[in-house]
Amino acid sequence: MKNNREVRVRFAPSPTGYLHIGSARTAFFNWLYAKKTGGKFILRIEDTDIARHQEDAINQILESLKWLGLEWDEGPGLETEGKFGPYRQSQRADIYKEFAQKLVHDKKAYLCFCSPEELEKERKIKLEEGKPFKYDRKCLKLSPDEIRYSLREGKSYAIRFLVPENEKIEFKDTVYGDIKVSSESIDDFIILRSNGLPTYNFSATIDDALMEITHIIRGEDHLSNTPKQILIYKALGFNIPFFTHLPMILGQDGQKLSKRHGSISIEKYIEEGFLREAILNYLALLGWAYDEKTTIFSIDEMIEKFELDSINKKPAKFDYDKLLWINGYYIRNLSDENLAELLKDKMKKYLESQKPSNLEESARELDQKIIKITPLVKERIKTLNEGIGLINPFFVKISYSNESINYFKNKNIDAPDILKRVYKALDELEEQKGERTEKFCAENIEKRLRQISEELNLNFRKVAEVIRIAIWNSPVSPPLFGTIEILGKKLTLKRIEDYLRIISQ
RNA sequence: GGCCUGUUCGUCUAGGGGUUAGGACAGUAGGUUUUCAACCUACCAACAGGAGUUCGAAUCUCCUACAGGCUACCA
């Protein structure tokens, strides 16, 4: 049919909201297939529904796609959009009108003067009777005179596609196999609304044909629409592309992914500190597997190994925990330099959101400090935001929580005594004592602190616990010795003093 | 209601007439450890149900149940 043609795939979102997980996967699979085959990935905006379409959503979608690295070869937002443009359906109204009129002229479509209200009423009645609703073709029976009269009256009309009778529509879906549908089960659907704009099935088909899309890869919710579109392809004499429908992505409750399910927009995941490689890796695993073992794929590996016909049919529930795990894996495998860079950007934003009076002096040394901090937290975080949460006391003043203040109340630990000893031990470091100055570094700090636990004949974890609460306002911190070193002598001692003062009150 | 589609551990999946039904996440137990992680070890846990075909079915066929989609002048 079109074996030697260049592969052309497309992602065609409608801008009714932000790019969500499900659409992102559809975009990604299209992109993967284009990369794999050396084809073109086209972006088209389906904004024919004026009521629901939001202008800023388009930008959001474009931004999210770019962030994911799913760059398109043709479409909006590019310096030269491409030779099949415009790529926004709202700018292609004339094209659809023209084809609709051609179909009317060829008697493959007809004018319908029925009002949406009447139709709605009839539909309701049929539904209550438990009978299938199908348009009764009232307007097909109109005589040319009647039509002329209505037009002269200025009556508004839609254009309906005339579905051929007794026709078997068959197509092969890469994922779902052979699909056969009888034309009897298809209503004479509207292709052009009375406002002159096309409906989805019509505009999508016209554009896919005109833009010479060879492979349509989209969500399973369009599987049932495909027969209608094939009818249009045939009526207009267009080449029929290959179809691949992707199983739906559902929320953890098994329902279609929606706002109720918490963060579902890509934007949210960017904010939370997920990495694009991790998101794409996870998305690839929803409905597809390469073999029985591999779960981690680099993007190049995915391009190499991805196959449309090994996508499975079952809808997949979105598993946030697994995404988290994958993200943690990618973070751990980042180089210190790259991770530091990412953490720095996040931290910068975080610090900007804080009151200046809440910042420690060290906030000004973010750039130098972050590279030292990074190896300490790399294995401990699953998202960048977790990282920020773990390390922000390096830069932001701590105010002791009640929990911290009362932490040792009913425990058999003499916290003040320990802290006084710690203070003294640390204070001695870096003190000028002729030649024998001991550096304030993790190694020496460890030596000193372990000495204290020996002196007191106390398990070291107890000592560490006390120090953590005092300098970090939390029983959890990055590894203690490195943390103290990076915090610096001055700040460490100050926090110990502060804590001692507060608990002695 | 009609049409289309799907159903393997809690979740993502591998397998596609003969397997101890494999892996990963989560969970549990242990090890390591200055906390939290990470890491290591072990464990837990599935072929929706029923008929049929067959020497043999999770795998093929049919039925049922459940789930999802479409049935809009939404996409």
Side-chain angles (χ1 to χ4, degrees), chain A residues 12-16 46-49 51-53 112 114-116 119-120 123 126-134 156-160 173 175-177 179-182 184-187 189-195 197-201 203-204 218-228 245 247-248 250 252 254-256 282 285-296 312-326 328-329 332 377-382 386 390 446 449-450 453 459-465 467-469 472 474-481:
Chain A
S14 76
T16 52
E46 310 218 324
D47 53 353
T48 56
D49 184 3
R52 293 207 307 160
H53 128 233
C112 175
C114 302
S115 76
L119 292 168
E120 185 56 37
R123 186 175 303 116
K126 291 279 185 182
L127 209 72
E128 275 163 16
E129 290 171 354
K131 285 182 191 150
F133 175 79
K134 222 178 143 186
S156 71
Y157 63 90
I159 296 180
R160 301 188 99 103
D173 184 272
V175 171
Y176 291 93
I179 310 278
K180 295 186 192 80
V181 181
S182 155
E184 305 309 305
S185 66
I186 302 176
D187 206 2
F189 53 98
I190 287 174
I191 55 176
L192 206 72
R193 293 180 271 225
S194 50
N195 66 4
L197 293 175
T199 56
Y200 166 75
N201 281 305
S203 56
R218 76 224 309 185
E220 194 257 4
D221 46 344
H222 291 304
L223 191 62
S224 308
N225 283 322
T226 307
K228 290 180 205 161
H245 288 91
M248 299 269 96
L250 310 173
Q252 244 123 358
Q255 296 300 114
K256 209 175 156 185
Y282 177 70
L285 258 24
L286 245 29
W288 177 77
Y290 172 63
D291 58 15
E292 52 183 39
K293 289 212 158 66
T294 321
T295 53
I296 300 293
N312 57 228
K313 306 172 170 70
K314 191 187 153 194
K317 288 181 190 146
F318 183 76
D319 185 358
Y320 185 78
D321 283 340
K322 188 142 186 178
L323 205 213
L324 257 188
W325 177 81
I326 290 181
Y329 182 91
R332 268 174 265 136
V377 298
K378 196 175 183 177
E379 292 187 337
R380 311 185 139 68
I381 57 174
K382 292 198 166 72
E386 270 184 35
L390 187 59
E446 172 163 15
L449 296 183
R450 286 202 189 272
S453 94
N459 197 322
F460 181 73
R461 52 174 22 116
K462 302 276 183 203
V463 176
E465 194 177 20
I467 301 173
R468 276 199 184 88
I469 297 290
W472 218 249
S474 163
V476 176
S477 78
L480 196 58
F481 316 123

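Just so it is clear, the values below take in all heavy atoms, side chains as well, and ignore hydrogens, waters and symmetry mates. So that the names make sense, note that chain A is the first sequence line, chain B the second, and so on, each numbered from 1.
- Between B:U13 and A:Asn312, a contact under 4.0 Å exists linking OP1 or OP2 to a side-chain N or O.
- Of the nucleotides present, B:C40 is the one that pairs with B:G30 by Watson-Crick or G-U wobble criteria, both distances under 3.5 Å.
- Atom CD1 in A:Ile469 sits about 12 Å away from atom P in B:C36, given to the nearest Å.
- Not one side-chain nitrogen or oxygen of A:Lys313 sits closer than 4.0 Å to the OP1 or OP2 atom of B:U5.
- Under the Watson-Crick and G-U wobble criteria, each requiring two contacts below 3.5 Å, nucleotide B:U59 is left unpaired.
- By the neighbour-count criterion of 12 heavy atoms within 6.0 Å, atom NZ of A:Lys378 is densely surrounded, having more than that number from other residues, nucleotides or ligands.
- No more than 12 heavy atoms of other residues, nucleotides or ligands lie within 6.0 Å of OH in A:Tyr290, so this atom counts as exposed by the packing criterion.
- Atom-to-atom, CG of A:Leu390 to P of B:U35 comes out at 15 Å; the value is rounded to the nearest Å.
- Of the side-chain N and O atoms in A:Lys134, none sit less than 4.0 angstrom from OP1 or OP2 of B:U71.
- Residues passing the ring-ring contact (aromatic ring centres under 6.0 Å, His included) test with A:Phe481, sequence neighbours excluded: A:Phe460.
- Note: CG (A:Leu223) to P (B:C70) measures 11 Å, nearest angstrom.
- Between the P atoms of B:A45 and B:A21, the separation comes to 13 Å (whole Å).
- At the phosphate of B:C70, neither OP1 nor OP2 sits under 4.0 Å from any side-chain N or O atom of A:Arg218.
- At least one donor-acceptor pair under 3.5 Å links the side chain of A:Tyr176 to the backbone N or O of A:Lys313.
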**Message:** Return a single string for nucleotides 25-34 of chain B, one symbol per nucleotide in 5' to 3' order, where B is base contact, S is sugar-phosphate-only contact and - is none, cutoff 4.0 angstrom on heavy atoms.
**Reply:** S--------B
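- Across the protein-nucleic acid pair, A:Glu292 atom CD and B:A21 atom P stand 14 Å apart, rounded to whole Å.
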**Asked** Please walk me through it: do A:Lys228 and A:Phe189 pass side chain to side chain contact (heavy atoms under 4.5 Å, CB included)?
**Response** CA-CA 8 Å; A:Lys228 290 180 205 161; A:Phe189 53 98; 3.7 Å; yes
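- In terms of polar N and O atoms assigned as donor or acceptor, the side chain of A:Ser224 never comes within less than 3.5 Å of the base of B:C3 in a complementary pairing.
- Considering only the side chain of A:Ile179, B:C4 comes nearest among B:A67, B:C4, B:C12.
- Checking B:A72 for Watson-Crick or G-U wobble geometry (two distances, each under 3.5 Å) identifies no partner in any strand.
- The A:Val181 side chain lies nearest to B:C3 when the options are B:G6, B:G23, B:C3.
- Taking atom OH of residue A:Tyr290 and atom P of nucleotide B:A24, one finds them 18 Å apart after rounding to whole Å.
- Across all strands, A:Pro116 comes closer than 4.0 Å to base atoms (heavy-atom distances).
- When both distances must be under 3.5 Å, the Watson-Crick or G-U wobble mate of B:C66 is B:G6.
- If you measure from atom CZ of A:Phe189 to atom P of B:A75, you get 13 Å, rounded to the nearest angstrom.
- Applying the side-chain contact (heavy atoms from CB on, under 4.5 Å) test between A:Tyr282 and each of A:Trp325, A:Tyr320, A:Phe318 identifies A:Phe318 as the sole match.
- B:C63 and B:U19 have their P atoms separated by 29 Å, given to the nearest Å.
- Side-chain to base pairing of A:Asn225 with B:A75: one donor and one acceptor N or O lie within less than 3.5 Å of each other.
- The same atom, P, is picked in B:C39 and in B:U7; the two are 33 Å apart, to the nearest Å.
- Per the geometry, CG belonging to A:Leu324 stands 13 Å off P belonging to B:A37, to the nearest Å.
- Between atom CE of residue A:Met248 and atom CD of residue A:Glu220 there is a gap of 5.5 Å, rounded to the nearest 0.5 Å.
- Close to B:U11, at under 4.0 Å from its OP1 or OP2, lies no side-chain N or O of A:Gln252.
- With hydrogens and angles ignored, a donor-acceptor pair closer than 3.5 Å exists between the side chain of A:Arg380 and the base of B:U35.
- Not counting sequence neighbours, A:Arg461 has no partner by the salt bridge (charged side-chain N to carboxylate O under 4.0 Å, His left out) test.
- Taking atom CD1 on A:Ile326 and atom C1' on B:U11, their separation rounds to 12 Å, with Å as the unit.
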